[in-house]
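Just so you know, residue 1 is the first one in the sequence shown, and it goes up from there.
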Amino acid sequence: MKVTLDELKAKPMPQHIAIIMDGNGRWAKNRGLPRTAGHKAGGETFRRIANYCRTIGVKYLTVYAFSTENWKRSQEEVSGLMKLLSSFIKSKEKTLVEERVRFRVVGRRSDLSPKLQREIAALEERTADCDFTLVVALSYGGRAEIVDAAKAWAASGAE
């Protein structure tokens with residue numbers, strides 16, 4: 001049964017969808033391609049999903065893109081992923097602003113290069129008053145969050 005966009009929009013829609021980006025490297029390996037080709041293809045798939053979510057009325061899309069565990073990957077792969085993110089920010093800034101997409105990053109920003117931190121902050125500022133929110137989780141992880149919370153609690157002087 002095929003459903004039209006109007007029929008889909010008339011149905012209750014979740015306000016927030018989260019996606020864990022996983023398997024891009026395996027996808028590339030299974031096709032005899034370098035892992036970075038898989039990450040690039042995953043980025044394109046993500047772009048299509050994000051556009052669709054906006055179209056059907058989802059208000060928030062979170063993508064878990066790079067965990068603290070990912071820092072253990074090869075320097076070449078990590079560098080490629082960071083370049084891919086920087087390229088996304090530079091190439092999509094105008095589109096995000098025009099399409100009213102709010103860009104946000106959560107996670108340990110201090111793990112990112114100062115240049116990438118500045119690019120993220122600038123895009124977040126430019127898109128702060130937009131309607132649809134895209135949240136990218138970078139350098140995140142359950143263990144890291146527990147450690148960060150414990151450190152913050154200790155630093156607050158709590159007993």
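The backbone N or O of W153 sits less than 3.5 Å from a side-chain atom of S156, completing a donor-acceptor pair. Although no hydrogens or angles enter the test, the distance criterion places a donor-acceptor pair under 3.5 Å between the side chain of E7 and the main chain of T4.
Dense packing is recorded around CZ of R31, with more than 12 heavy atoms of other residues, nucleotides or ligands lying under 6.0 Å away. Around CD of Q117, the count of heavy atoms belonging to other residues, nucleotides or ligands within 6.0 Å exceeds 12. A 6.0 Å sphere centred on CD of E44 holds more than 12 heavy atoms belonging to other residues, nucleotides or ligands. Heavy-atom contacts from other residues, nucleotides or ligands closer than 6.0 Å to CG of L33 number more than 12.
The structure places CZ of R102 at 11.0 Å from CG of L134, a figure rounded to the nearest 0.5 Å. To the nearest 0.5 Å, atom CG of residue L85 and atom CD of residue E119 are 8.0 Å apart. Taken to the nearest 0.5 Å, the OG atom of S86 stands 10.5 Å off from the CE atom of M82. Separating the NZ atom in K11 from the CG atom in L8 is a distance of 8.0 Å, to the nearest 0.5 Å. Residue S79 holds its OG atom at 14.0 Å from CZ of R73, rounded to the nearest 0.5 Å.
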Pair F66, V136 - check side chain to side chain contact (heavy atoms under 4.5 Å, CB included), show working. CA-CA 9 Å; F66 189 88; V136 180; over 6 Å; no
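Listed here is the closest heavy atom pair of A65 and L138: CB-CD2, 4.2 Å. Between E93 and L123, the closest heavy-atom pair is CG-CD1, 3.6 Å.
With hydrophobic clusters built from ILVMFWY side chains whose heavy atoms lie under 4.5 angstrom apart, F46 does not share a cluster with L84. Transitive grouping of hydrophobic side chains (ILVMFWY, heavy atoms separated by less than 4.5 Å) keeps M21 and Y64 in distinct clusters. I146 and W71 fall into different hydrophobic clusters, where Ile, Leu, Val, Met, Phe, Trp and Tyr residues are linked whenever their side-chain heavy atoms come under 4.5 Å apart, directly or through other members. Connection of I17 to F132 is established within a shared hydrophobic cluster, with ILVMFWY side chains joined at heavy-atom distances below 4.5 Å, either directly or through further cluster members.
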Pairs of donor and acceptor atoms involving the side chains of residues 106-114, under 3.5 Å and at least two apart or interchain, shall be tabulated with distances.
unit_1, atom_1, unit_2, atom_2, d
R108, NE, D148, OD1, 3.3
R108, NE, D148, OD2, 2.9
R108, NH2, D148, OD1, 2.6
R109, NH1, E124, OE1, 2.9
R109, NH2, V105, O, 2.8
R109, NH2, E124, OE1, 2.9
R109, NH2, E124, OE2, 2.5
D111, OD2, S139, OG, 2.5
S113, OG, L116, N, 3.1

For residues 53-61, dump all side-chain donor-acceptor pairs below 3.5 Å to protein atoms at least two apart in sequence or in another chain.
unit_1, atom_1, unit_2, atom_2, d
R54, NH1, E99, OE1, 2.9
T55, OG1, N51, O, 2.8

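You'll find the side chain of I120 reaches within 4.5 Å of the side chain of I89, heavy atoms only. Counting only heavy atoms from C-beta outward, the side chains of D129 and R100 approach each other to under 4.5 Å. Counting heavy atoms from C-beta outward, K92 and V101 have side chains that stay 4.5 Å or more apart.
The stretch residues 86-108 participates, sequence neighbours left out, in no ring-ring contact (aromatic ring centres under 6.0 Å, His included) pair at all.
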